[in-house]
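Please read the structure below before turning to the comments.
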There are 2 protein chains.
Amino acid sequence: MNDKHKHILEAAEQLFAEKGFNGTSVRDIAGAAGVNIAMISYYFGSKENLMIALIDYRSEYTRDILEEMNNNKMLTPWDKIEKLIDLYVDKILNNYRFYRIMTLHLATSQSDEIREKIIEIKAGNFELIKKIILEGQRKNVFRKIDMELTIGTVMGTIAQVTSSRSLYCKLLKIDIKDDDGYRKKMTLKLRTHLKQMLKAHLHIQNT
Amino acid sequence: MNDKHKHILEAAEQLFAEKGFNGTSVRDIAGAAGVNIAMISYYFGSKENLMIALIDYRSEYTRDILEEMNNNKMLTPWDKIEKLIDLYVDKILNNYRFYRIMTLHLATSQSDEIREKIIEIKAGNFELIKKIILEGQRKNVFRKIDMELTIGTVMGTIAQVTSSRSLYCKLLKIDIKDDDGYRKKMTLKLRTHLKQMLKAHLHIQNT
DNA sequence: TTTAATCAATTAAACGTTTGTTTAGTTTAA
DNA sequence: TTAAACTAAACAAACGTTTAATTGATTAAA
């Protein structure tokens, strides 16, 4: 995996996020990366293998950060929830193209191999978050909630903002072409909203 | 728009939801619907027009129900929120194929005309929900929250469950082929979870 | 130092399929 | 008889992939 490999992957990522996997041709990718069409087969074997290489390329580190946070004994469950939200909001909004591709591929049944790979990664992250919430419940600071859907709400809200960007640009009157403006505004809004909501949701009521 | 039109649209809907718009060929659709390939151009003009026809076909009524609920003076804001959740969860999970297509199409920039159509529909629904929340705030039963992201959370959570179905089937140990089982289980879980969460989120704290 | 050999990197061109759409003709029903 | 419904076949264009030839750099022998 040299610089040229990465350069092609990053060009492919942009196109896949914009037009979807099937909407992007190998010629598009080669054109955007400025290489010969045959180089893509030569480097990756096939278009599908290129997609798998892209997932591997982008999936590094997330797990490490989550695991490290999970093992940190200094942080309270509330701290961990706040850190978790910051981590995910930042990570997804800074790699929104890649996450859009993951969502698109998970929704459609194009390639079993790719889908299994994505599910494996997501399920792993899911378990780590579950541990944080369970710890909070054991320490009696979180109430009983629907575990899967609570995590689904966090993921889903962030995914909504990245996958329906054109809708939110219209609603919030942000220029659709202003990538940076959208990301900055949404990062702030998402962090505040999710923390406020999860605080209310997880807090033990005294009613 | 006769029965044969509808039959083709429903075959297309299934395939688009499974394989995406670009992943589905006109021959696939014709084959699934049991009609000659040329009939699709004859009926709809083009593949893109077929998609637009599908959106029109499935977008009826939602607005009407929302508007009727909004104008109902007997319901409290809390009642409306509960009704809203029931309506959306049922509607989306019973038409999950169609909603997956909408999400896929909104995320990618394949056709401006189609995307604009979807944005228009979604933005309209957005405004109606906004009115419900604003009414609750005016009556001092809802607290101040991030309007766009609160609605985004409701939509996003439901969308998450439909677009990442294969992930949730693995997590909840539901057979991936058991369409009905998944829908019934998720309808219940979603209704409970969203009501519980929104109640905590919108409730006026006395801290 | 020059020459020859070697091998990966790169290319243009072509491969056979599949794509969405159209044509030209046939069937059906009023 | 006429117009709409329907079909098999063909269309050019685009698809992912492969081929065969060429380049460029590295190594070994003369």
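In what follows, chains are A, B, ... by sequence order, proteins preceding strands, each numbered from 1. Bear in mind the structure is a predicted one, so any value in this text is a computation, not a measurement.
E18(A) meets the salt bridge (Lys or Arg N to Asp or Glu O under 4.0 Å) test with no other residue; sequence neighbours excluded. A search for side-chain hydrogen bond (donor to acceptor under 3.5 Å, both in side chains) contacts involving R183(B) returns N94(B), D180(B), not counting sequence neighbours. Checked against side-chain hydrogen bond (donor to acceptor under 3.5 Å, both in side chains), R143(A) has the following partners two or more places apart in sequence or in another chain: Q205(A). With sequence neighbours left out, D79(A) forms a salt bridge (Lys or Arg N to Asp or Glu O under 4.0 Å) with no residue at all. For T157(A), the side-chain hydrogen bond (donor to acceptor under 3.5 Å, both in side chains) partners at least two apart in sequence or on another chain are T153(B). Residues that satisfy the side-chain hydrogen bond (donor to acceptor under 3.5 Å, both in side chains) test with D90(B), not counting sequence neighbours, are R191(B).
Here dG16(D) presents its P atom at 14 Å from CE of M51(A), a figure rounded to the nearest Å. For the pair K19(B) NZ and dT19(C) P, the interatomic distance rounds to 10 Å; values are reported in whole Å. The interatomic distance linking H5(B) (NE2) with dC6(D) (C1') rounds to 13 Å, in whole Å. Going from atom CE of M39(A) over to atom C1' of dT11(C) covers 9 Å, rounded to whole Å. One interatomic measurement links the two molecules: CZ of F21(B) to C1' of dG20(C), which rounds to 10 Å at whole-angstrom precision. Going from atom CG of N22(A) over to atom P of dT18(C) covers 15 Å, rounded to whole Å. One interatomic measurement links the two molecules: OH of Y43(A) to C1' of dT10(C), which rounds to 9 Å at whole-angstrom precision. The separation between F16(A) atom CZ and dG16(D) atom P is 9 Å, rounded to whole Å.
With N70(B) contributing its side chain and L66(B) its backbone, the two residues share no donor-acceptor pair below 3.5 Å.
Within the 4.0 Å cut-off from OP1 or OP2 of dT19(C), at least one side-chain nitrogen or oxygen of S25(B) is found. Using a 4.0 Å cut-off, no side-chain N or O of K4(A) falls inside it from OP1 or OP2 of dA9(C).
Within the 4.5 Å cutoff, the side chain of L202(A) has heavy atoms near those of the W78(A) side chain.
Identified under the side-chain hydrogen bond (donor to acceptor under 3.5 Å, both in side chains) test for residues 37-56 of chain B, with sequence neighbours left out: E48(B)-S111(B), D56(B)-K117(B). Counting only residues at least two apart or on different chains, the salt bridge (charged side-chain N to carboxylate O under 4.0 Å, His left out) pairs with a member in residues 153-166 of chain B are R165(B)-D179(B). Within the structure, ring-ring contact (aromatic ring centres under 6.0 Å, His included) pairs that include any residue of residues 91-121 of chain A comprise F21(A)-H105(A) (at least two apart or interchain).
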Could you run down the sub-3.5 Å N/O contacts of the protein with nucleotides 24-27 of chain D?
none

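Direction of the helix axis in the helix from dT1(C)-dA30(D) to dA30(C)-dT1(D) shifts by 10° between the two five-pair termini, rounded to 10°.
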Fill in the blank from the handout: Per-nt protein contacts along nucleotides 21-30 of chain C (heavy atom under 4.0 Å; B base, S backbone sugar-phosphate only, - none) come out as BB--------
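Using a 4.0 Å heavy-atom distance criterion, F44(A) is classed as making no nucleic acid contact.
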